[in-house]
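For reference, the structure discussed in these notes is given below.
Computed over heavy atoms, backbone and side chain alike; hydrogens, waters and symmetry mates excluded.
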Amino acid sequence: MTDKLNETPVDSEVGTLLRVLNGQRRHVHGILEGLDAKDLRRPVLPSGWHCLGLVQHLALDVERFWFRAVVAGDDEVVRGLTSGDEAWQVAPEVPAAEVLDLYRQESERADAVITATAADAALAWWPHDLFGEPHLHTLRDVLLHVITETACHAGHLDAARELIDGRRWMVLT
């Protein structure tokens with residue numbers, strides 16, 4: 001497998017994990033296809049989150065945080081981190097398409113970090129104030145964590161979509 005941007009070889013293990021992550025990302029986008037802006041912002045569970053907020057969380061707290069901050073140690077991203085549930089809050093004036101595009105863009109930026117990093121590479125930064133001592137140590141660990149978190153949230157979106165309009169969508173990849 002090669003990185004499409006610069007045609008450099010990608011470790012086969014990293015390539016395999018990236019393909020699995022991309023399958024979950026496609027699931028996130030696919031289950032939301034056809035929902036209008038109103039439905040994307042409609043909370044359907046007692047906790048009050050909505051689909052658009054969950055996608056923004058995936059963009060900022062998952063893709064940006066884990067790959068650009070933790071794996072790559074991007075100082076600008078680390079300095080810009082917020083704590084709490086801010087990423088779940090989408091301002092009313094922010095168009096839904098902007099949030100969906102942000103998730104695509106952060107996924108692409110994450111892919112650049114992933115394809116430039118060996119599976120067993122040590123992490124560049126760790127958020128001790130959030131998680132204490134590191135429980136993830138390599139790109140491999142972070143990829144497995146992000147695959148799990150994205151799959152979990154894709155399942156949340158499946159349930160929300162079914163509650164919104166009855167649509168069900170299953171992805172096996």
Side-chain angles (χ1 to χ4, degrees), residues 1-33 49 51-88 90 97-158 169-173:
M1 177 178 192
T2 59
D3 174 4
K4 293 177 197 119
L5 295 176
N6 61 20
E7 298 299 320
T8 56
V10 176
D11 174 275
S12 64
E13 178 185 9
V14 171
T16 299
L17 293 170
L18 184 54
R19 279 192 299 280
V20 173
L21 176 57
N22 281 330
Q24 293 307 315
R25 291 168 173 163
R26 282 190 305 277
H27 188 144
V28 167
H29 288 289
I31 194 60
L32 300 177
E33 271 182 28
W49 64 265
C51 296
L52 207 55
L54 192 148
V55 172
Q56 185 166 277
H57 160 73
L58 284 168
L60 300 177
D61 293 340
V62 179
E63 298 286 347
R64 179 182 291 175
F65 175 81
W66 286 109
F67 295 113
R68 291 176 57 203
V70 174
V71 172
D74 183 321
D75 289 336
E76 183 178 332
V77 173
V78 171
R79 282 191 308 273
L81 293 174
T82 59
S83 59
D85 292 334
E86 291 91 0
W88 289 80
V90 180
E98 188 175 308
V99 175
L100 296 171
D101 286 343
L102 175 66
Y103 182 48
R104 281 186 192 90
Q105 292 166 5
E106 288 299 335
S107 296
E108 290 171 4
R109 289 179 183 123
D111 288 353
V113 171
I114 293 164
T115 58
T117 308
D120 59 354
L123 304 178
W125 176 77
W126 184 257
H128 290 278
D129 54 326
L130 291 174
F131 300 120
E133 288 304 306
H135 60 277
L136 304 175
H137 304 281
T138 64
L139 171 65
R140 175 187 303 107
D141 296 342
V142 169
L143 274 164
L144 291 168
H145 173 81
V146 170
I147 289 167
T148 302
E149 184 167 0
T150 305
C152 179
H153 286 320
H156 293 138
L157 291 169
D158 282 337
W169 187 65
M170 297 181 73
V171 174
L172 301 176
T173 59

Smallest separation among heavy atoms of [X] and [Y], with atom names:
X      : Y      : answer
Leu139 : Ile114 : CD2-O, 3.8 Å
His137 : Asp141 : N-OD2, 2.7 Å
Gln24  : Ala151 : OE1-CA, 3.3 Å
Val71  : Leu123 : CG2-CD2, 4.0 Å
Ala72  : Ala124 : C-CB, 3.6 Å
Ala69  : Val78  : CB-CG2, 3.9 Å

How about [X] and [Y]: do any of their side-chain heavy atoms sit closer than 4.5 Å?
X      : Y      : value
Phe131 : Leu136 : no
Val55  : Leu100 : yes
Phe65  : Leu60  : no
Arg25  : Leu21  : yes

Could you measure the distance from the [atom1] atom of [X] to the [atom2] atom of [Y]? Nearest 0.5 Å is fine.
X      : Y      : atom1 : atom2 : answer
Asp101 : Glu98  : CG    : CD    : 8.0 Å
Trp66  : Glu149 : CH2   : CD    : 8.0 Å
His29  : Arg104 : NE2   : CZ    : 4.5 Å
Thr150 : His145 : OG1   : NE2   : 8.5 Å
Tyr103 : Leu54  : OH    : CG    : 9.0 Å

May I ask you to say whether Arg68 pairs ionically with Glu106, meaning some side-chain N is under 4.0 Å from a carboxylate O?
->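 Salt bridge: yes.
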What I want to find out is whether Asp74 reaches Arg109 closely enough, with some N-O distance under 4.0 Å, to be called a salt bridge.
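Judged by the 4.0 Å cut-off on N to carboxylate O distance, Asp74 and Arg109 do not form a salt bridge.
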message: Over 60° means perpendicular and under 30° means parallel, so tell me whether His128 and Trp126 are parallel, tilted or perpendicular.
response: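 Perpendicular.
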Start with the C-alpha gap between Leu102 and Arg64, add the side-chain angles, then the distance that decides, and say whether side-chain contact (heavy atoms from CB on, under 4.5 Å) holds.
CA-CA 10 Å; Leu102 175 66; Arg64 179 182 291 175; 4.0 Å; yes
Please check: side-chain N/O of Asp85 versus main-chain N/O of Trp88, any donor-acceptor pairing under 3.5 Å?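 Not confirmed, Asp85 side chain does not pair with Trp88 backbone.
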Handout entry: Glu63 side chain to Leu58 backbone, donor-acceptor under 3.5 Å
Key =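 A pair under 3.5 Å: no.
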Margin query: Consider side chain to side chain contact (heavy atoms under 4.5 Å, CB included). Of Leu143, Thr148, Val142, which one does Val146 pass it with?
Written below: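 Filter result, single survivor: Val142.
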Legend entry - Donor-acceptor side-chain pairing of Asp61 and His57 below 3.5 angstrom: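 Their side chains do contain a donor-acceptor pair, which is all the 3.5 Å distance test asks for.
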- Is there a side-chain contact (heavy atoms from CB on, under 4.5 Å) between His27 and Ile31 once you walk through the steps? CA-CA 6 Å; His27 188 144; Ile31 194 60; 4.3 Å; yes
- Item | side-chain contact (heavy atoms from CB on, under 4.5 Å) between Leu157 and Val28, intermediate numbers included | CA-CA 7 Å; Leu157 291 169; Val28 167; 3.7 Å; yes
#### Entry: side-chain hydrogen bond (donor to acceptor under 3.5 Å, both in side chains) between Asn22 and Arg19, intermediate numbers included
CA-CA 5 Å; Asn22 281 330; Arg19 279 192 299 280; over 6 Å; no
Please test Asp111 against Phe67 for side-chain contact (heavy atoms from CB on, under 4.5 Å), starting from the C-alpha separation and ending with a verdict.
CA-CA 8 Å; Asp111 288 353; Phe67 295 113; over 6 Å; no
Checklist line | Asp11 and Arg140: CA distance, side-chain angles, deciding distance, salt bridge (Lys or Arg N to Asp or Glu O under 4.0 Å) verdict | finding: CA-CA 11 Å; Asp11 174 275; Arg140 175 187 303 107; over 6 Å; no
